[in-house]
Amino acid sequence: MSTEQAENLDTILRQSAFPADADVSELRRLLAELTSAQPLPAGVTVTAAALGGVPTAEITIDGTEPRHVVLYFHGGVYVLGDAFQAAGLASQIGRRTRATVISVDYRLAPEHPYPAAVDDALAAYQALLQGGMSPSDIAFAGESAGGGLAIATLVNVRDHGLPLPAAAFVMSPYADLTLAGTTMDTKAEADPLLSRENLQARIPDYTAGHDPALGLISPVFADLSGLPPLIIQAGTHEVLLDDAIRLAGQAAIADVQVTLDITPGVPHVFQAYYPILDEAAAALDRAGQFLSTHLTGSQATGGRGQLTEIQGVARFKFHEGKVEEFKRLSAQSIDIARAKDTGTLQYEIYFNDDESECVVHERYRDSEAVIEHAAHVGHLTEAIFATGSGSSELLGEPSAELTAMIEGSGVRLYKPFLSM
């Protein structure tokens with residue numbers, strides 16, 4: 001990054017900063033004017049869509065054949081912005097991960113305060129899963145408030161017992177609506193965009209009487225245990241720097257794999273200025289590599305005799321009075337897989353009406369992962385099978401075959417009893 005680039009960007013941002021005393025309607029008008037003057041990058045197409053009843057913008061990049069999805073959450077302190085206005089920056093993540101990006105048009109405050117945004121984010125992710133997407137083929141990303149929302153959604157997904165996505169990338173996350181970060185004051189002069197005053201003015205719009213320290217409002221205070229790998233990026237010229245640092249610290253304390261990537265001398269969501277700032281493009285490259293690594297982690301290259309991405313499907317009929325024992329033992333098996341890196345990517349159990357039988361769907365990184373998982377849960381396997389009888393088959397790259405087997409099993413399926 002040249003001194004000239006940094007100085008030019010700082011000047012531009014200070015000249016275009018929104019007034020702290022403007023009302024929401026005026027802020028939205030100003031943002032719409034600003035974003036409408038910025039054309040989409042070449043080769044990017046944005047299409048209106050929906051997930052789980054939530055409007056979205058589907059962002060595709062010419063020349064790619066994506067198998068992955070990045071679920072994206074835009075910024076705007078929960079009162080500004082929309083899925084389409086974020087398409088330019090979001091497309092850069094899609095380009096670097098060769099993924100389709102789905103930008104979520106979550107409801108905004110003050111018309112729709114907390115928990116509307118959190119509910120919409122969860123509904124969009126659930127719809128991806130219900131539509132057949134594997135969680136290991138999904139990553140989350142977001143900037144500013146959208147970065148905070150991405151982390152809150154991971155917590156919400158975990159707490160709802162749903163399988164988590166492969167990874168998440170957040171830029172300058174707005175993760176503490178109590179504004180307790182020390183850089184809220186120490187970086188006040190350096191930050192050309194945000195201040196305690198303009199953030200504080202919008203907090204009541206979103207919290208609407210709820211405690212701003214709630215974990216789903218301010219994820220820096222949430223229990224982050226069990227979350228997937230995270231990369232958190234921020235600049236040193238922003239009042240939210242401490243949000244990023246504390247969020248990474250909380251993740252590390254919770255044994256989450258986390259990369260904290262701080263770039264000196266750059267402002268809030270500096271990645272958005274990739275056309276004029278070398279450091280922005282470089283940061284996006286690092287984040288794209290991080291997401292790509294975790295999105296393709298289920299596709300081990302392997303050596304001779306090693307299959308990649310093993311999936312299995314089994315139909316299981318219970319002995320009389322044994323279904324609760326089966327549930328208990330299966331829950332223990334999943335807990336072990338979650339606690340250890342066994343290479344188990346997905347494990348779901350679907351019951352029929354009277355719980356006399358079920359279909360089990362398993363997914364592993366590769367053939368070695370199947371062996372590793374069996375070594376960890378082998379002491380439970382015999383007891384699980386003693387509760388009933390089953391037939392199963394391991395499949396490599398099954399997709400349509402797996403679907404056909406489940407649909408043709410004669411078992412009426414509902415939501416999974418257990419899943420990871």
Completion exercise
Residues at least two apart in sequence or cross-chain that pass ring-ring contact (aromatic ring centres under 6.0 Å, His included) with Y274, listed by chain then number, are none

Exercise for the section: Answer yes if the side chains of D261 and T259 hold a donor-acceptor pair under 3.5 Å, and no otherwise. Expected result: no

Problem - Pair F316 and F351, ring centroids less than 6.0 Å apart - result: no

Exercise for the section: Check whether any side-chain heavy atom of T263 sits under 4.5 Å from a side-chain heavy atom of T236, and report yes or no. Expected result: no

Problem - Test: R328 and E324 ion pair at under 4.0 Å - result: no

Fill in the blank from the handout: So the ring pair (Phe, Tyr, Trp, His ring centres under 6.0 Å) pairs with at least one residue in residues 71-99 (sequence neighbours excluded) are F73-F140, H74-Y106, Y78-Y206

Handout entry: Non-neighbouring partners of D211 that pass side chain to side chain donor-acceptor pair (under 3.5 Å), sequence neighbours left out
Key = none

Problem - Verdict with reasoning, L199 to L240, per side-chain contact (heavy atoms from CB on, under 4.5 Å) - result: CA-CA 10 Å; L199 291 171; L240 294 182; 4.1 Å; yes

Practice task
Run the salt-bridge test on E238 and K187 with the 4.0 Å N-O cut-off and return the result as yes or no.
Solution key: no

Fill in the blank from the handout: Between the CG atom in L40 and the CD1 atom in I59, the distance rounded to the nearest 0.5 Å is 8.0 Å

Practice task
Report the C-alpha separation of Q271 and Y273 in whole Å, then their side-chain angles, then the decisive distance to 0.1 Å, and conclude whether the side chain to side chain donor-acceptor pair (under 3.5 Å) test is met.
Solution key: CA-CA 5 Å; Q271 298 88 343; Y273 312 108; over 6 Å; no

Exercise for the section: Kindly say whether the aromatic ring centers of F318 and F326 come within a distance under 6.0 Å. Expected result: yes

Handout entry: Reported NE2-to-NE2 distance for the pair H237 and H268, which is rounded to 0.5 angstrom
Key = 15.0 Å

Problem - Of all pairs that satisfy salt bridge (charged side-chain N to carboxylate O under 4.0 Å, His left out), the ones with a partner from residues 141-165, not counting sequence neighbours - result: none

Exercise for the section: Give a yes or no answer on whether the side chain of S330 reaches the backbone of K327 with a donor-acceptor pair at less than 3.5 Å. Expected result: no

Handout entry: Lys/Arg-Asp/Glu bridge criterion (N-O < 4.0 Å) met for E355, K317
Key = no

Practice task
Decide, yes or no, whether a salt bridge links D242 with R246 under the criterion of side-chain N to carboxylate O below 4.0 Å.
Solution key: yes

Exercise for the section: Answer whether the closest heavy-atom distance between the side chains of V266 and L9 falls below 4.5 Å. Expected result: no

Exercise for the section: May I ask you to decide if V239's main-chain N or O and D191's side chain share a donor-acceptor pair within less than 3.5 Å? Expected result: yes

Problem - Those residues that, when tested against H319, pass ring-ring contact (aromatic ring centres under 6.0 Å, His included) (two or more places apart) - result: none

Practice task
Measure from the side-chain N and O atoms of D176 to the backbone N and O of S218, and report whether any donor-acceptor pair falls under 3.5 Å.
Solution key: no

Fill in the blank from the handout: Of V220, V77, L194, the one forming a side-chain contact (heavy atoms from CB on, under 4.5 Å) with Y174 is V77

Practice task
Sort and list the pairs that fulfil side-chain hydrogen bond (donor to acceptor under 3.5 Å, both in side chains) and have at least one residue in residues 220-229, not counting sequence neighbours.
Solution key: D223-S225

Exercise for the section: Look only at the side chain of T381 and the backbone of V377, and say whether a donor-acceptor pair between them is shorter than 3.5 Å. Expected result: yes

Problem - Donor-acceptor contact below 3.5 Å, side chain S103 vs main chain A83 - result: yes

Handout entry: Atom pair CG/CG of L51 and L129 - distance to nearest 0.5 Å
Key = 10.5 Å

